[in-house]
Amino acid sequence: MNKRISVCMATYNGALYVREQLTSILGNLGDNDEVVVSDDNSTDDTVAIVTSLKDQRVRVLYNRTEDRGHIRNFENALKHAEGDYIFLSDQDDVWYPDRVGRMMGSLEKYDLVVCDCTVVDGDMKPLNDSFFGLLNSGSGLVKNFVKNTYLGCCMAFNRRILEKALPFPKDMVSHDTWIGLMGEIYGNCYFLPEQLHYFIRHGSNFSVTNGQDAMSDQISPYSFWQKLRMRWRLLKNILKRVLR
């Protein structure tokens with residue numbers, strides 16, 4: 001029996017990009033798979049564009065939580081995912097046609113897989129050939145606790161990791177850091193050295209780059225002391241989760 005795939009996408013005012021992204025995702029999926037879109041009260045045509053695709057594999061939800069923002073929006077999508085394997089997706093990237101197939105090969109051996117991506121600007125002009133090379137990405141609990149290299153939009157994992165990651169801690173800073181570390185603690189993780197989607201930096205992305213420490217320390221929005229406090233909160237949340 002084929003395993004079902006859920007792609008979880010958090011949207012907010014993504015009308016300029018979401019159609020192309022969803023089209024690239026749906027081309028990767030089978031008839032029994034799903035895309036769970038959680039919208040955070042967009043004020044543009046995002047929801048209208050998503051529903052206009054008229055694809056039965058796409059479900060639109062609304063983030064009704066008191067805590068608005070991309071972390072709780074992603075959590076809302078993840079809570080409603082029904083698949084055996086979960087892929088995270090931003091609203092404004094473009095997937096390669098063989099991305100899901102390539103990652104599923106690795107997910108047969110690993111609990112959580114991260115693919116590499118090509119960094120491009122809003123006109124699809126290359127900025128960097130490898131996000132892995134940019135951040136020295138790789139697995140390891142201590143490595144990614146000190147400096148996160150998990151990029152949410154490149155991640156896929158099985159249902160066991162999803163169940164360990166939910167619910168998200170209340171004071172969490174980065175969903176991709178949290179899920180990645182849950183994968184390190186409760187499973188085995190693999191960084192697949194293949195560029196499988198275009199990671200678009202168009203100047204209006206919701207997060208600076210994801211992965212909390214950004215593409216380099218030089219453009220991180222956080223000071224050293226802010227990072228230290230975030231690590232302390234992260235450590236406390238990890239201990240609470242492991243010891244519960």
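Heavy atoms of other residues, nucleotides or ligands lying less than 6.0 angstrom from CG of Asp171 number more than 12. Annotation for Arg102: atom CZ does not count as buried by contact number, only 12 or fewer foreign heavy atoms lying within 6.0 Å. Applying the 6.0 Å contact sphere to CG of Asp129 captures no more than 12 heavy atoms from other residues, nucleotides or ligands.
To the nearest 0.5 Å, atoms CZ (Arg57) and CD1 (Ile25) are separated by 11.0 Å. Remark: Arg231 CZ to Ile238 CD1 distance equals 10.5 Å, nearest 0.5 Å. Between atom CG of residue Asn144 and atom CG of residue Leu181 there is a gap of 6.5 Å, rounded to the nearest 0.5 Å.
Side-chain contact of Asn76 with Asn63: a donor-acceptor pair under 3.5 Å is absent, judged by distance alone. Side-chain N/O atoms of Tyr96 and Thr118 include a donor and acceptor closer than 3.5 Å. When only modelled atom types and interatomic distance are considered, Glu20 and Thr23 share no side-chain donor-acceptor pair under 3.5 Å. Of the N and O atoms on the side chains of Thr43 and Asn13, at least one donor lies less than 3.5 Å from an acceptor on the other residue. Using modelled atom types and a 3.5 Å distance limit, the side chains of Glu184 and Tyr150 yield a donor-acceptor pair. Of the N and O atoms on the side chains of Asn32 and Asn2, not one donor lies less than 3.5 Å from an acceptor on the other residue.
Nearest heavy-atom pair across Arg59 and Val36 is NH2-CG2, 3.5 Å. Nearest heavy-atom pair, Glu75 versus Phe168, reported as atom, atom and distance to 0.1 Å: OE2-N, 2.8 Å. The two residues Asp44 and Gly14 make their nearest non-hydrogen contact at OD2-N, 3.4 Å. Here the shortest heavy-atom pairing between Ala156 and Met103 reads CB-CE, 3.8 Å. Considering all non-hydrogen atoms of both residues, Ile179 and Leu112 come closest at O-CD1, 3.7 Å. When every heavy atom of Arg159 is checked against every heavy atom of Gly83, the shortest pair comes out as NH1-O, 2.7 Å.
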Evaluate Glu163 against Arg160 for salt bridge (Lys or Arg N to Asp or Glu O under 4.0 Å), listing each step before the verdict. CA-CA 5 Å; Glu163 292 170 352; Arg160 178 171 176 268; over 6 Å; no
Would you please test Phe199 and Phe131 for ring pair (Phe, Tyr, Trp, His ring centres under 6.0 Å) and show each step? CA-CA 9 Å; Phe199 183 45; Phe131 193 90; 5.5 Å; yes
Between Leu61 and Val37, does a side-chain contact (heavy atoms from CB on, under 4.5 Å) hold up when you go through it step by step? CA-CA 6 Å; Leu61 310 171; Val37 178; over 6 Å; no
Yes or no on side-chain contact (heavy atoms from CB on, under 4.5 Å) for Gln195 and Cys117, after CA distance, side-chain angles and deciding distance? CA-CA 4 Å; Gln195 292 86 357; Cys117 59; 5.6 Å; no
As a quick check of understanding, evaluate side-chain contact (heavy atoms from CB on, under 4.5 Å) for Val114 and Cys154, giving each step before the final call. CA-CA 5 Å; Val114 189; Cys154 294; 3.7 Å; yes
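Residues Trp178 and Leu166 share a hydrophobic cluster, clusters being chains of Ile/Leu/Val/Met/Phe/Trp/Tyr side chains in contact below 4.5 Å. Under the 4.5 Å side-chain heavy-atom criterion for grouping Ile, Leu, Val, Met, Phe, Trp and Tyr, Leu151 is connected to Leu127 within one hydrophobic cluster. Residues Leu239 and Met172 are members of one and the same hydrophobic cluster, defined by side-chain heavy-atom contacts under 4.5 angstrom among Ile, Leu, Val, Met, Phe, Trp and Tyr. Both Leu141 and Met155 belong to a single network of hydrophobic side chains, linked directly or stepwise wherever heavy atoms of I, L, V, M, F, W or Y lie under 4.5 Å apart. One hydrophobic cluster, built from ILVMFWY side chains closer than 4.5 Å, cannot hold both Trp232 and Phe224; they sit in different ones.
Side-chain contact between Asp84 and Ile5 is absent, with no heavy atoms from C-beta onward closer than 4.5 Å. Between Leu107 and Lys3, every side-chain heavy-atom pair lies at or beyond the 4.5 Å cut-off.
For the side chain to side chain donor-acceptor pair (under 3.5 Å) with His202, the lone residue among Asp123, Asp92, Asp121 that qualifies is Asp92.
Taking the six-membered ring for Trp, Phe132 and Phe191 have ring centres closer than 6.0 Å.
Checked by atom type and distance alone, the side chain of Asp39 never pairs as donor or acceptor with a backbone atom of Val47 at under 3.5 Å. Panel note: side chain Asn237, backbone Leu234; no donor-acceptor pair is recorded below 3.5 Å. Checking side-chain atoms of Gln21 against main-chain N and O of Val18 turns up no donor-acceptor pair under 3.5 Å. In this structure a side-chain-to-backbone donor-acceptor pair under 3.5 Å is present from Asn158 to Ile161. Formation of a donor-acceptor pair under 3.5 Å by the Arg72 side chain with backbone atoms of Lys170 is found in this model. The backbone N or O of Asn28 sits nowhere less than 3.5 Å from a side-chain atom of Arg99 that would complete a donor-acceptor pair. Side chain of Asp111 to main chain of Tyr186: no donor-acceptor pair is present (N/O by atom type, distance under 3.5 Å, no hydrogens or angles).
Using cut-offs of 30° and 60° for the angle between ring planes, the Trp95 and Phe87 rings count as tilted.
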